[in-house]
Structure formats: C-alpha cells, structure tokens
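Notes for the one structure printed next.
Counting starts at 1 for both ligands and their atoms, in listed order.
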Amino acid sequence: MSALNLTFPDGAVKVFPDGTKPIEVAQSISKSLAKKSVSAKLNDAYVGMNDIIPESGNFQLITTNDAEALALLRHATSHLLAQALKRMPKFANMHFGVGPFIDNGFYYDTDNGAGNQVSVEDFPEIEAMMHKIVKEDLPIISRQITRAEALEMFATDPYKMALITDLPEDEILTIAVQGDHIELDKGGLVPSTGWIKHFKLTSVAGAYWRGKSSNPMMQRIYGISEWKQADVDAEVTRREEAKERDHRTIGRDLDLFFTSQEVGSGLPVWLPNGATIRRQVERYITDKELANGYQHVYTPVLSNLNLYKTSGHWDHYREDMFPPMDMGDGEFLELRPMNCPSHIMVFKHKPRSYRELPIRIAELGMMHRYEKSGALTGLSRVREMTLNDGHTFVDPEKIEEEFKSILTMMMAVYRDFNITDYRFRLSYRDPKNTEKYFDDDEMWEKSQAQLKRAMDDLKLDYYEAEGEAAFYGPKLDVQTKTALGNEETMSTIQLDFLLPERFDLTYIGADGQDNHRPVMLHRGIVGTMERFTAYLIEMYKGAFPTWLSPLQVQIIPVNLGAHGEYADGIQKKLQSAGLRANVETKEAKLGYLIREAQTNKIPYTLVLGDSEVEAQTVTVRKYGEEKTQTMSFIDFQMAILADVARYSRT
Ligand code: ATP
Ligand code: ZN
C-alpha cells in the first residue's frame with residue numbers, strides 16, 4: 001500500500017495510509033480537534049471530512065474557529081433548505097437554480113412553476129423540516145461523476161441541466177450527497193446535516209435566472225446560518241435596525257417623499273418635508289460654491305441629440321440614456337444623462353482668455369438615466385436626478401491645484417454635515433472594455449497617473465478600482481455605505497482631456513493665440529440631491545440637525561382657547577426670522593402631543609401655558625432630552641438662530 005504524505009501548515013509531515021479521510025487525520029491528532037473540524041483543504045482545494053484524501057500534499061483542517069468555515073456552513077444550509085423543500089408535498093416538483101452563501105447568510109433560487117409559491121408564512125414549516133433533517137444527521141459525502149452521468153442524474157431539473165450543459169464535454173463534476181438529496185457542488189461542506197443547527201429563513205424575493213430579465217423569474221429564498229444561536233439573534237436585530245434606518249422606511253414615516261408605479265419607476269415625488277431638506281442642501285451648496293468662485297447657470301434638460309454624439313455619450317453611454325425623441329422635423333431631442341455638454345456650451349459661448357481661468361461653471365442640473373428597474377431604490381438610485389454639478393476649465397498646468405481646492409471644499413462640506421464614514425476610490429478604465437471607454441491609451445495612462453500623484457501628494461488613503469471610470473476619464477470617487485450595507489458613490493472628481501478635444505475648446509493664451517486647450521474637471525460635491533438626501537436620512541436616522549429639519553419648532557399650547565393666540569404670535573415671529581415653526585391644533589393630552597413631537601424628531605418643542613403667557617416666556621424641550629428649560633422668547637430665538645447660522649444665510 002502506498003502512503004499519503006501530508007504536510008501540515010506548521011511544516012510537519014505525517015504519513016497516513018492511502019484512503020485516509022480528513023476525519024481520521026483529525027482524530028489521530030486529538031478528539032477535540034476532530035469535534036471542531038468542519039472541512040479540510042488539500043493544496044488549497046476543499047476535501048470533505050468524510051471524503052478520501054486523493055493524494056499527498058499540503059494539508060489543512062478548517063475548524064469552526066476559521067472565518068471561512070462559516071461560508072461552508074451557510075452553503076451547506078442552502079442545500080439543507082433544498083432538501084427540506086423537496087420533502088414537502090407542496091414543493092415536491094420544485095426546480096432549483098443556484099444556492100450560494102452570501103455575506104451574512106445564504107439563498108437558494110427556486111421555481112415551483114404553476115404550483116404553490118413560497119411565502120414567509122411557509123417558513124416555520126420549512127424550518128421544521130430542515131430541523132428534522134438535522135436530527136437525522138445525514139453524512140455529507142462528495143463523489144465525482146462524468147458530465148454524461150450528471151446530465152442523466154439531473155435530467156428532471158432544467159436549471160441544473162443548463163449549468164451542466166455549459167461545461168466542457170470531458171468535465172468531471174463533483175456532487176455532494178446527503179441521504180436522498182444530491183447537489184452539484186465542489187465538495188468540502190460540513191461533515192453532516194447534524195452540524196447545521198442555528199439558522200433562520202428571512203425573506204423571499206423575485207430573482208431572474210442568471211440575473212437576466214429575459215429569463216424566467218425565480219423565487220429566491222434567503223436565510224441566516226451561524227454556529228451559535230446568539231449570532232443568529234444578533235443578525236436578526238442588526239437587520240431590523242438597518243430596516244428602521246432605511247431611508248425608504250423613514251421617508252414614509254416622516255412624510256418626506258414617495259415613489260409609485262402610477263408616477264413611474266424611479267421617479268420620486270418630494271413631499272413638503274423632504275423638499276425642505278433638499279432646498280436647504282441646495283441653498284447651502286450653492287452658497288458654498290459661490291463663495292468658492294463658481295458661476296451658477298441654468299441649462300436645459302433636453303438638448304439636440306448631436307450634442308451627445310459630439311461628446312461621445314451616444315457611443316459610450318447610450319445604455320444609460322433614454323431613447324431620443326424624434327420631433328418629426330429632422331431634429332432629435334435627448335434627455336441629458338450628464339450636464340457636461342451643457343456646461344461646455346457655456347464655455348464655448350464666447351472667446352475665453354487665460355486670465356479668466358479657471359472658469360468654474362456650476363448648476364443644480366437635472367438629468368435622466370435609464371437605470372435598470374431592478375436597481376431602482378427609493379431616492380438612492382433613481383431615473384431622474386439633480387446633480388450638484390460643476391465643471392472647471394483649467395490650464396493643464398493647474399490641474400493639481402484645482403483638484404486640491406475641490407477636495408478641500410469637499411472635506412469642508414463633509415465636516416458641516418458630520419459625514420465621517422467614507423472611503424476614497426480611484427476609478428480607472430478597464431483597458432479591455434473598448435465599448436465603454438474611449439480608446440486612447442496615452443490619454444488614460446497620463447490622466448490616471450496624474451490623479452494618483454495628486455492623492456499621494458495629499459497623503460490620502462484610497463483604493464483603486466478598474467472599470468469604474470467615466471468613459472472620458474478617470475475619477476476620484478467618495479464611497480459611502482447605505483443602511484443596507486451597499487456601497488455607493490456620493491462625491492466625485494473627474495479628470496478629462498477628452499471632451500475639450502472633442503468640442504475643440506480653446507482659450508487665448510498669454511501669447512495672444514486662441515489655440516490653447518483647457519483641461520476639464522468634472523465634480524459633484526454632494527452628488528445628486530436624491531442620493532445625498534437618502535444618505536442624510538440614514539445617517540441622521542431621521543433626526544436632522546436644526547438647519548436641515550423640515551420642521552424646526554413645534555409649538556404646543558396647553559389649552560388652544562387660552563394659549564392659542566400667544567402660540568400664533570410666537571409662530572409668526574419665528575417664521576419672519578426665517579425659521580420653520582408650527583402650532584399644534586390637535587385636541588389631545590399634552591403628554592401625547594409632546595411624545596408625538598419626539599416621534600417626529602422635531603428639534604425643539606415649545607410648551608406654552610398660563611405661566612408662559614403671563615411672563616412672555618417659552619418652555620423648551622430639545623429633541624432627545626427629558627429636561628425642559630423656561631426662557632424668554634428672545635433668548636430662545638437667539639439660541640435657535642445661532643444653531644442654524646453656521647450653515648445657512650437665512
Ligand atoms: P453609479 O456608479 O452609482 O451609477 P456613476 O459613477 O454613474 O454612479 P457619475 O456619473 O459619477 O455616477 O454621477 C455623479 C453622481 O451622481 C454620483 O456620484 C452619484 O452621487 C449620483 N448618481 C449617479 N447615478 C445615480 C442614480 N441613479 N440615482 C441617484 N444618484 C445617482
Ligand atoms: Zn461632467
């Protein structure tokens with residue numbers, strides 16, 4: 001009998017007889033190791049605990065202490081789910097797509113045809129069946145089969161058949177067998193179903209087979225699986241909190257905005273409360289830009305299609321654009337997907353001199369992008385959006401200087417909004433993708449290197465991402481996370497040698513010649529009003545600082561008849577000082593009205609009764625505080641004005 005030489009991570013080599021399984025290796029070392037060994041790896045490929053180690057090599061046991069073991073557990077749980085569903089008469093004819101592990105859990109794509117659809121009401125029954133299979137403690141064993149055998153084995157499962165058909169003819173496949181259930185799988189999951197104890201099905205959602213909308217819609221069943229019940233509970237709580245913080249939930253509770261099919265997908269309607277937040281952001285950023293040398297303009301959302309042909313959008317960005325409108329008289333109009341061509345027209349409108357540079361054109365520019373319907377989310381991914389856009393036309397020698405000044409302004413804005421949780425991403429082109437990216441190697445090399453140098457000079461941390469650049473040039477993106485954990489771009493600074501070329505932009509240099517080519521910097525500081533507001537909602541959890549809050553002061557007269565007039569007078573004074581105040585007119589218990597003001601996260605609540613009327617004072621309660629303070633109206637007004645003065649000019 002030949003021998004198996006296994007080299008362990010510490011370098012030790014041990015010899016085992018041929019046909020040894022990882023479980024036997026673990027047992028030979030110690031009982032406790034065998035108990036916590038989930039799987040094994042031979043030369044970095046998984047070998048299940050019950051599978052024969054195929055050859056000598058580098059050997060490693062994966063225990064419950066290893067982070068990767070959790071992925072194996074979650075993956076095994078998706079198989080357990082499929083096995084349970086198959087055992088239930090109402091899902092007996094179900095077909096299965098893929099069932100991977102994901103961050104924090106797993107899912108399985110299922111299709112029960114015209115039969116019973118899975119709903120959350122079915123979860124307890126499905127989980128009970130899963131627990132039954134756990135009790136059976138079925139060993140999970142891998143086997144290798146030929147492609148032909150696989151085609152026979154999965155003949156009744158069209159999705160698995162499609163996966164197998166895609167493989168080369170001579171492919172050897174691995175299957176994972178647990179009792180009567182077989183999965184296509186690379187192997188190396190947990191040793192037996194008994195290992196899967198702490199799990200919970202969480203949701204079910206529609207998902208197209210292979211993510212393509214032309215394919216059948218399947219039901220994707222999601223779940224959580226952990227080594228400890230406490231971790232399942234913690235994950236459930238984390239998700240509940242994330243949902244509470246989700247801007248769509250808060251947007252509904254605080255009456256900020258809504259979206260509806262009736263209006264159209266991805267076309268949010270801003271209600272008065274949400275509109276107030278947006279207006280504050282718009283005023284703030286406009287003032288900031290004016291103070292930083294930007295000139296604000298208004299340009300049309302519709303333009304002649306030729307503008308986007310010249311810019312290259314039509315060739316490289318068409319997928320994201322709405323179809324052109326044929327006006328019937330030879331003119332084609334296009335809803336702009338970006339504002340750059342419009343601002344280029346502002347630059348080109350008259351001869352420009354080097355003395356004017358840098359020319360900074362800004363606009364709260366509305367644009368339309370044909371985002372995929374599956375990607376649309378509340379305010380954070382929409383089809384109509386207003387970008388806090390700006391384009392600087394600079395002398396090529398001044399690129400770094402301008403880049404740094406934009407970055408400085410951006411950081412100042414972040415400080416004002418208390419935004420601290422973000423990462424810088426340098427976004428490069430994907431050189432292989434010639435359809436998306438303008439084809440000019442030299443231009444790309446030069447501009448990418450220049451951006452990188454600027455970031456290195458500033459000693460800022462960043463990571464690099466290929467394939468995330470705009471079609472005309474590389475960018476510095478500021479990446480933030482949504483409540484649900486998705487990473488999104490908020491701010492961006494983009495370097496562009498291309499569009500000035502395509503539009504033949506020139507300025508008159510010191511030599512008097514009108515043939516000098518400017519470079520363009522595209523930038524969005526707060527990004528789109530939509531995405532930025534979504535971010536603010538989630539970051540502040542709906543409790544906005546006073547300057548942004550839709551309603552700043554809620555005035556509650558103890559008795560409407562006796563104190564209503566005084567309350568009205570206070571409201572008027574606050575309003576004429578530019579503050580947003582409301583008098584509560586509902587007849588309800590005082591305690592209830594105060595609580596309601598807190599639920600609506602209003603920064604200040606004033607309670608006015610006999611003593612306040614008499615002394616011409618107000619009793620103030622700040623959001624989130626229990627204590628109240630009685631002060632003269634003037635003192636209150638001074639305090640609240642000081643609170644907002646840092647940010648707004650009104
Ligand atoms: P993404 O990768 O998120 O689609 P992008 O790289 O296409 O964005 P840019 O062309 O750089 O975005 O657009 C500028 C800004 O517009 C982004 O920083 C982002 O804040 C915002 N934005 C882009 N697409 C959307 C959208 N569909 N809904 C809301 N805001 C958006
Ligand atoms: Zn631009």
Got a sec: does the CD of E319 have more than 12 other heavy atoms crowding it under 6.0 Å?
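Incorrect, the count does not exceed 12.
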Can you establish whether the number of heavy atoms outside Y298 located under 6.0 Å from its atom OH is more than 12?
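Count not over threshold, so no.
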Close to the Zn ion (ligand 2), meaning under 2.8 Å, how many protein N, O or S atoms are there?
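Counting protein N, O and S atoms closer than 2.8 Å to the Zn ion (ligand 2) gives 3.
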Looking only at side chains, do [X] and [Y] share a donor and an acceptor under 3.5 Å apart?
| X | Y | answer |
| --- | --- | --- |
| T546 | D643 | yes |
| D496 | H522 | yes |
| N339 | R336 | yes |

Is there any protein N/O under 3.5 Å from an N/O of ligand 1, and what does the full list of such pairs look like?
residue, atom, partner, partner atom, Å
ligand 1, 3 (O), R381, NH2, 2.8
ligand 1, 3 (O), R531, NH1, 3.0
ligand 1, 3 (O), R531, NH2, 3.3
ligand 1, 4 (O), R381, NH1, 3.0
ligand 1, 4 (O), R381, NH2, 3.4
ligand 1, 6 (O), K475, NZ, 2.7
ligand 1, 7 (O), R369, NH1, 3.1
ligand 1, 10 (O), R369, NH1, 3.2
ligand 1, 10 (O), R369, NH2, 2.9
ligand 1, 11 (O), K475, NZ, 3.1
ligand 1, 11 (O), Q494, NE2, 3.1
ligand 1, 12 (O), R369, NH1, 3.4
ligand 1, 18 (O), M490, O, 3.1
ligand 1, 20 (O), T489, O, 3.1
ligand 1, 20 (O), M490, O, 3.1
ligand 1, 27 (N), E371, OE2, 2.7
ligand 1, 27 (N), V382, N, 3.4
ligand 1, 27 (N), V382, O, 3.0
ligand 1, 28 (N), V382, N, 3.0
ligand 1, 30 (N), T528, OG1, 2.8

Salt bridge between R238 and E235, side-chain N to carboxylate O under 4.0 Å?
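Result for this pair is yes, salt bridge flagged.
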Return all side-chain donor-acceptor pairs below 3.5 angstrom for residues 252-264, not counting sequence neighbours, or 'none' if the list is empty.
residue, atom, partner, partner atom, Å
S260, OG, E262, N, 3.4
S260, OG, V263, N, 3.2

Which of parallel (below 30°), tilted (30 to 60°) and perpendicular (above 60°) describes H75 and F101?
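Tilted.
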Can you name the side-chain hydrogen bond (donor to acceptor under 3.5 Å, both in side chains) partners of Q494, sequence neighbours left out?
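side-chain hydrogen bond (donor to acceptor under 3.5 Å, both in side chains) check on Q494 returns Y472, T492.
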